[in-house]
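A quick write-up on the structure given underneath.
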2 protein chains.
Amino acid sequence: MKKVSLRDIAEELGVSKTLVSLVMNGKAEENRISQEVIERVKRVAKEKGYEPNQFAKALRTGKSMTIGLIVADISNSFYSKMARSIEDTAYGSNYTVLFGSSDEDPAKAEKLIKVMLDRQIDGLIISPTIGGHQNIDLIKKHKIPFILVDRPLSGVKSSFVGVNNLEASFEAVDTMLKSGCTRIAHINFYQELGNMKDRFNGYVKAHEASGLTVDPSLIIHVSNDRAVGEIQQFIDHVGDKVDAFFFANNEIAIIAIKYLMHSNIDPHRDVSIACFDDHEAFHLLKASIGVIKQPVVEMGKKALELLLERIESNGKAHQTITLSTEYAVLNEELARK
Amino acid sequence: MKKVSLRDIAEELGVSKTLVSLVMNGKAEENRISQEVIERVKRVAKEKGYEPNQFAKALRTGKSMTIGLIVADISNSFYSKMARSIEDTAYGSNYTVLFGSSDEDPAKAEKLIKVMLDRQIDGLIISPTIGGHQNIDLIKKHKIPFILVDRPLSGVKSSFVGVNNLEASFEAVDTMLKSGCTRIAHINFYQELGNMKDRFNGYVKAHEASGLTVDPSLIIHVSNDRAVGEIQQFIDHVGDKVDAFFFANNEIAIIAIKYLMHSNIDPHRDVSIACFDDHEAFHLLKASIGVIKQPVVEMGKKALELLLERIESNGKAHQTITLSTEYAVLNEELARK
DNA sequence: ATGAAAGCGCTAACAC
DNA sequence: GTGTTAGCGCTTTCAT
């Protein structure tokens, strides 16, 4: 089972490697190779189980048919679902996917980018971290196409795929306000991430639209690495002063709901809750919960499509794709029981 | 920012490519290159931002420094966590990871394997699908090292990393029996998967150890693609005839618990529940639940380490690593409230 | 219609 | 101690 190369086939047929190469790459017609030869080459190639050596090909053409995917954490369900979608779309176009998790750390992201660049990826889909401007510069320096997903990076010109964070957030909070909630607490991450900022802004705008002003003491921006403690402390402070919670993503929501229950605050009888992202865990809750569903599969697909467009025709201008979320209230029936 | 090659550096210094190559690969000492030259080469390389072309390297050495990972579904939390662990370990050893999801479909797995083989991965970690024997044959034919994870494949000789499914299952069921449960229903997948079979056997053995025989009507083996319907139907049948449920993994557990709640069967007051896998969702449950925690991070790490061993020293014999699970009951305090 | 030859950037056996 | 040389397998001018 030694590897069969172009040469083996060429020798077998007494023709040149060129000829075989042309046939194998479907360029036979345009070079007016005779049908008969084409047939023969193809037959022998199949017989011998010829598989082109991708490295030789890549070395020669500079194209690896591999793209990179860098997210904060592949084990987070939002990103793993997106990864799955990207994978499916990529394999469909004969691309292969290298992945890496940055842990929201620009230094780690840089390492990943370097390794991937080393592997000569043809393009990169990245969910940038706070302070990741240098990362982007690095990618730009290498002139490979890249697409930002989930969150934009201020001041960075690039194609981007995300959702209507502000509007979605507005709708969720507005719904809560209209249903009678008057004091809605909001837990969010640090504001450097554009998407998180928009979610916060939506919360504020919804209040304004109802003629209310937000109470700053009901809002907290937690850090990535000390989120659990900060959230718990916040809940200790405001837990009995509010009638609703709006969480900026599923991670926060899960931490908070767990702690609410632990603190004997029933996330239904005592407070209303809503959050960004749908998550399996919410479906096992005996409490209704408003969720903003992100079209994560569509996001991955669009991001990859955009990337391939850029890889294949370098000239294209940057595009921003904003997909729509869907608001739904889960477990309404269940919670009444 | 044109790419710098070995030659550029060699010319700049008026030395040969070989010399530069040796220095860059840390083989200078053993070839008695003078310290001074080493210094100079390194300096210029750094100045010019030299990055070796991995394709040329791979073409020459036949090593891609890339490994493949094929699981059933990367968006499943069990696998995405394992992927994360593998990723971390791999990058630590300068390897890069290509991933793919088989959807438990051997035909899809085959495609993935072919693509990865095409990319000349140095090794493969795979969680095999039912009927995946041909997949393994394909891998073996190409003579690249591979490690099976999570589930063995009957009759296949290979290294394997998994957990003590039978014992873990035994312990969980035994605990339920000892706590007074007498009619424990069991929901599992089809039995072709070795790990699932062991989980079933543990359930049976625990009964035997208590002098009981299992009631076949309380057991169901569902199929992968129609799991939801089959589980719901089963619960409709046995829901009021049992005092406990033991689920073979988190997917099943989540589907079942959701439906139990929907059916007004309180997974605490009315029935006890236990299952394989810990999952975030279980922590939001207002019910105690016994979970068998799999050391998924350790599994990924061990699998990769084993793979690298095999890649680096081809002679090694096959190894089977069985890691221990941990049984825990979640939410006990919460459920009493 | 087909082939010869150059070269992508690197490594390793063998000279000197 | 350092350099020469010969490819790895492929694509792509340019000849014929």
Side-chain angles (χ1 to χ4, degrees), chain A residues 1-42 44-45 48-66 94 117-120 122 142, chain B residues 1-42 44-45 48-66 94 117-120 122 142:
Chain A
M1 188 64 194
K2 68 277 275 160
K3 276 265 160 193
V4 199
S5 76
L6 272 190
R7 212 223 319 242
D8 298 327
I9 300 179
E11 280 178 356
E12 169 108 6
L13 282 136
V15 297
S16 75
K17 289 191 294 170
T18 313
L19 187 45
V20 182
S21 170
L22 290 175
V23 173
M24 295 318 291
N25 291 301
K27 294 184 182 160
E29 313 278 283
E30 71 194 59
N31 284 70
R32 289 154 307 199
I33 311 283
S34 68
Q35 274 308 322
E36 194 219 324
V37 176
I38 296 183
E39 293 298 309
R40 276 203 316 212
V41 170
K42 283 192 174 163
V44 175
K48 303 204 144 200
Y50 170 68
E51 292 293 342
N53 179 317
Q54 298 297 327
F55 292 142
K57 211 165 183 159
L59 180 58
R60 188 62 233 252
T61 61
K63 281 206 63 182
S64 64
M65 297 303 281
T66 297
N94 279 314
L117 251 20
D118 241 50
R119 298 291 192 278
Q120 339 262 233
D122 294 332
H142 282 256
Chain B
M1 186 65 194
K2 70 277 275 159
K3 275 267 163 192
V4 201
S5 75
L6 274 189
R7 207 210 335 228
D8 299 328
I9 300 180
E11 280 177 357
E12 168 106 7
L13 283 135
V15 297
S16 74
K17 288 193 296 171
T18 312
L19 187 47
V20 182
S21 170
L22 290 174
V23 173
M24 297 317 291
N25 291 302
K27 294 182 183 163
E29 314 277 284
E30 71 193 60
N31 283 71
R32 289 155 309 198
I33 310 282
S34 68
Q35 275 307 323
E36 193 219 322
V37 176
I38 297 184
E39 293 299 306
R40 275 202 318 210
V41 170
K42 283 193 174 163
V44 175
K48 301 204 145 199
Y50 169 68
E51 291 292 343
N53 179 318
Q54 298 297 327
F55 292 143
K57 211 165 181 158
L59 179 58
R60 189 61 237 253
T61 61
K63 283 205 61 183
S64 64
M65 297 304 283
T66 296
N94 280 311
L117 252 20
D118 240 49
R119 299 291 193 275
Q120 337 262 230
D122 293 332
H142 282 257

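Reminder, nothing fancy here: chain letters follow the sequence lines and each chain counts from 1.
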Got a list of protein N/O to nucleotides 6-8 of chain C N/O distances below 3.5 Å?
unit_1, atom_1, unit_2, atom_2, d
C:dG7, N2, A:Arg60, NH1, 3.0

Rounded distance in Å - CD (B:Glu51) to C1' (C:dG9) | 14 Å
Tell me, do B:Thr66 and A:Arg119 make a side-chain contact under 4.5 Å, heavy atoms counted?
-> yes
Keeping to residues at least two apart or across chains, list the salt bridge (Lys or Arg N to Asp or Glu O under 4.0 Å) pairs with something in residues 8-17 of chain B.
-> B:Glu12-B:Lys48
May I ask you to verify whether the side chain of B:Thr18 and the base of D:dT4 hold a donor-acceptor pair under 3.5 Å?
-> yes
Residues B:Gln120 and A:Phe55: closest non-hydrogen pair is CG-CE1, 3.2 Å
Round to a whole Å and report the spacing from CG of B:Asp8 to P of C:dG9.
-> 8 Å
Base, sugar-phosphate alone, or nothing: which one does B:Lys63 contact when heavy atoms must sit under 4.0 Å apart?
-> nothing
Between CZ of B:Phe55 and C1' of C:dG9 the distance, given in whole Å, is 12 Å
Nucleotide D:dT2, atom C1' - distance to CD1 of B:Ile38 in whole Å = 12 Å
Option from B:Asn25, B:Val15, B:Val44 for which side-chain contact (heavy atoms from CB on, under 4.5 Å) with B:Val20 holds = B:Val15
Which is true for A:Leu6 with a 4.0 Å heavy-atom rule: it touches a base, it touches only sugar-phosphate, or it touches nothing?
-> base
Could you give the NZ-to-P distance, from B:Lys48 to C:dG9, as a whole number of Å?
-> 14 Å
OP1 or OP2 of D:dT2 under 4.0 Å from side-chain N/O of B:Ser34 | yes
Can you tell me how far P of C:dG9 sits from CG of B:Leu22, to the nearest Å?
-> 19 Å
Could you state the atom-to-atom distance from CG of A:Leu13 to P of C:dT2 in whole Å?
-> 12 Å
Where B:Asn53 and A:Leu59 come nearest, the two heavy atoms and their spacing = ND2-CD1, 4.0 Å
B:Lys27 has an atom NZ; how far is it from atom P of C:dC10, in whole Å?
-> 14 Å
Nucleotide of D:dC10, C:dG3, C:dC10 approaching B:Ser5 most closely (side-chain heavy atoms) = C:dC10
Determine: side-chain N/O of B:Ser16 to OP1/OP2 of D:dG3, distance under 4.0 Å, yes or no.
-> yes
Do A:Arg40 and A:Lys42 touch side chain to side chain, with heavy atoms closer than 4.5 Å?
-> no
If we only count heavy atoms from C-beta on, is the B:Glu51 to A:Leu117 side-chain gap below 4.5 Å?
-> no
Taking the side chain of A:Val37 as its heavy atoms from C-beta onward, which of C:dT2, D:dG3, D:dT2 lies nearest to it?
-> C:dT2
